[in-house]
**Student:** 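To start, I am sharing the structure in question, which I have written as structure tokens.
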Amino acid sequence: MRRDFTVALLAIVSTIAIIFILSFKHYQTQIDALTTKNKFLMQQNEQLEAEISYNAKTLIDLEKTNYLDWASLETTAKSFTEDSSGNFKTSWGIYLANEAKKYAIDPYLVYELLKVETGGTFNPKLVGPETKYGHAYGMSQFMKNTAPWIADMAGLPYEDKLLLDPYYSIQLSICYLDYLHHEYGNWDEALTAYHRGIAGMEAYKQKNGTAKSDYALTIQQNAKTHRTVAFAN
């Protein structure tokens with residue numbers, strides 16, 4: 001009788017233990033899910049705050065542009081066409097230089113970024129290799145999971161096919177560069193974030209102690225050299 005009682009008691013204790021373990025696992029799963037959700041919401045909130053801060057800044061008033069400015073834009077554009085052996089159209093260059101002027105961004109920096117992104121082809125129909133996030137499209141090599149919110153921030157419409165339009169691609173890249181530079185205050189972080197994504201830049205910086213990636217340094221150095229040669233001519 002005593003033995004039966006002991007067996008029954010052990011069975012009850014085992015059952016309670018199993019229930020406790022299962023309940024604990026379920027509770028831990030819920031905690032993990034809530035932690036992940038909270039982290040995602042915090043990231044979204046940080047992005048929204050950054051966008052609000054960015055959208056609050058005032059762009060340069062282009063109504064004061066005169067004929068001398070347009071002559072300068074054309075000269076800059078021609079230097080892009082010559083450097084690209086005709087791959088980068090002069091009309092694209094004029095548009096790029098004009099848009100860059102709105103945001104007070106060095107047009108040579110934008111040009112050299114597009115040069116790196118396209119491997120020097122400046123192919124507006126370029127489709128990048130497949131990654132776990134999908135393909136990148138156009139001259140500025142934006143992915144479909146990133147481009148829509150940048151377009152919205154820039155006040156532009158969005159359709160997938162627009163990523164293959166050279167003018168749209170140029171404008172989107174300039175707006176995104178301006179946003180990143182506004183967020184970080186320096187081109188090392190801004191360019192590395194453009195290349196690796198914001199989270200990727202943070203991870204790179206944490207691992208290497210700096211955001212000075214080869215990508216960022218190459219673009220900045222090439223822009224400086226290109227600008228010096230253009231002005232010398």
**Student:** Assess the pair F80 and F122: is the distance between their ring centroids shorter than 6.0 Å?
**Tutor:** no
**Student:** Taking all heavy atoms of A147 and all of L163, pick out the closest pair and write down the distance.
**Tutor:**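 For A147 and L163, the tightest heavy-atom pair comes out as CB-CD2, 3.7 Å.
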**Student:** Looking at side-chain heavy atoms only, is the closest gap between S79 and H226 below 4.5 Å?
**Tutor:** yes
**Student:** Check I150 against C175 and note the closest heavy-atom contact, atom names and distance.
**Tutor:** O-SG, 4.5 Å
**Student:** Is a side-chain N or O of Y108 found less than 3.5 angstrom from the main chain of T225, in a donor-acceptor match?
**Tutor:** no
**Student:** Hydrophobic clustering (ILVMFWY, side-chain heavy atoms < 4.5 Å, transitive) - are L180 and L172 grouped together?
**Tutor:** yes
**Student:** Can you run down the salt bridge (charged side-chain N to carboxylate O under 4.0 Å, His left out) pairs that involve residues 155-169, sequence neighbours left out, and say none if there aren't any?
**Tutor:**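 Checked against salt bridge (charged side-chain N to carboxylate O under 4.0 Å, His left out) - neighbours excluded - the pairs reaching residues 155-169 are K144-D160, E159-K161.
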**Student:** Identify whether Y176 and L126 are in the same connected component of the hydrophobic contact network (ILVMFWY, side-chain heavy atoms under 4.5 Å).
**Tutor:** no
**Student:** Which heavy atom in Q220 sits nearest to a heavy atom in L191, and how many Å separate them?
**Tutor:** CG-CD1, 3.6 Å
**Student:** Could you go through the side-chain contact (heavy atoms from CB on, under 4.5 Å) check for L164 and Y137 one step at a time?
**Tutor:** CA-CA 7 Å; L164 304 180; Y137 299 87; 4.1 Å; yes
**Student:** Is K205 salt-bridged to E202, cutoff N-O under 4.0 Å?
**Tutor:**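 Salt bridge: no.
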**Student:** Of all the heavy-atom pairs spanning L177 and L113, show the shortest one and how long it is.
**Tutor:** CD2-CD1, 3.8 Å
**Student:** Hey, are the side chains of V229 and D83 touching, using non-hydrogen atoms and a 4.5 Å cut-off?
**Tutor:** no
**Student:** When you measure from the side chain of S173 to the backbone N and O of I170, does any donor-acceptor pair fall under 3.5 Å?
**Tutor:**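 Such a contact is found between S173 side chain and I170 backbone.
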**Student:** Quick check: does any side chain N or O of N123 sit under 3.5 Å from a backbone N or O of K125, one acting as donor and the other as acceptor?
**Tutor:**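 Side chain of N123 to backbone of K125, a donor-acceptor pair under 3.5 Å: yes, one is there.
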**Student:** Walk me through whether Y167 and S91 qualify under side-chain hydrogen bond (donor to acceptor under 3.5 Å, both in side chains).
**Tutor:** CA-CA 9 Å; Y167 300 100; S91 59; 3.0 Å; yes
**Student:** Determine yes or no for a side-chain-to-main-chain donor-acceptor pair under 3.5 angstrom, with S169 supplying the side chain and S140 the backbone.
**Tutor:** yes
**Student:** Side chains of H181 and Y103: does their closest heavy-atom pair fall under 4.5 Å?
**Tutor:**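 No - every pair of side-chain heavy atoms lies 4.5 Å or more apart.
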**Student:** side-chain contact (heavy atoms from CB on, under 4.5 Å) between K115 and F88: does it pass, once the steps are laid out?
**Tutor:** CA-CA 9 Å; K115 187 177 183 178; F88 196 84; over 6 Å; no
**Student:** Starting from M143, can I reach Y179 by hopping between I/L/V/M/F/W/Y residues whose side chains sit under 4.5 Å apart?
**Tutor:**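 Each belongs to a different hydrophobic cluster.
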**Student:** Carefully, step by step, assess Y111 and T76 under the rule side-chain contact (heavy atoms from CB on, under 4.5 Å).
**Tutor:** CA-CA 10 Å; Y111 170 83; T76 300; over 6 Å; no
**Student:** For A77, enumerate each residue passing the side-chain contact (heavy atoms from CB on, under 4.5 Å) test, keeping only those at least two apart in sequence or located in another chain.
**Tutor:** T90, I94
**Student:** Calculate, to the nearest 0.5 Å, the distance between atoms CD1 and CG belonging to I219 and L114 respectively.
**Tutor:** 9.0 Å
**Student:** Can you name the nearest heavy-atom pair linking P107 to L96, along with the distance?
**Tutor:** O-CD2, 3.5 Å
**Student:** If only atom types and distance count, is the side chain of T81 paired as donor or acceptor with the main-chain N or O of G86 below 3.5 Å?
**Tutor:**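 Not confirmed, T81 side chain does not pair with G86 backbone.
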**Student:** Could you go through the salt bridge (Lys or Arg N to Asp or Glu O under 4.0 Å) check for E82 and K78 one step at a time?
**Tutor:** CA-CA 6 Å; E82 292 173 2; K78 286 181 177 179; over 6 Å; no
**Student:** How long is the span from the NZ atom in K102 to the CD atom in E99, to the nearest 0.5 Å?
**Tutor:** 3.5 Å
**Student:** Side chains of Y194 and W187: does their closest heavy-atom pair fall under 4.5 Å?
**Tutor:**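 Result no, sub-4.5 Å side-chain heavy-atom pair not found.
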**Student:** Verify the cluster assignment for Y133 and F142: are they in a single hydrophobic cluster under the rule of side-chain heavy atoms below 4.5 Å apart?
**Tutor:** no
**Student:** Looking at I174 and A100, what are the two nearest heavy atoms and their distance?
**Tutor:** CD1-N, 3.7 Å
**Student:** Yes or no on side-chain hydrogen bond (donor to acceptor under 3.5 Å, both in side chains) for E117 and Y215, after CA distance, side-chain angles and deciding distance?
**Tutor:** CA-CA 10 Å; E117 288 292 332; Y215 179 91; 2.5 Å; yes
**Student:** Count I, L, V, M, F, W, Y as connected when their side-chain heavy atoms are under 4.5 Å apart, and connections chain through other members. Are I105 and L217 then in the same cluster?
**Tutor:**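 I105 does not cluster with L217.
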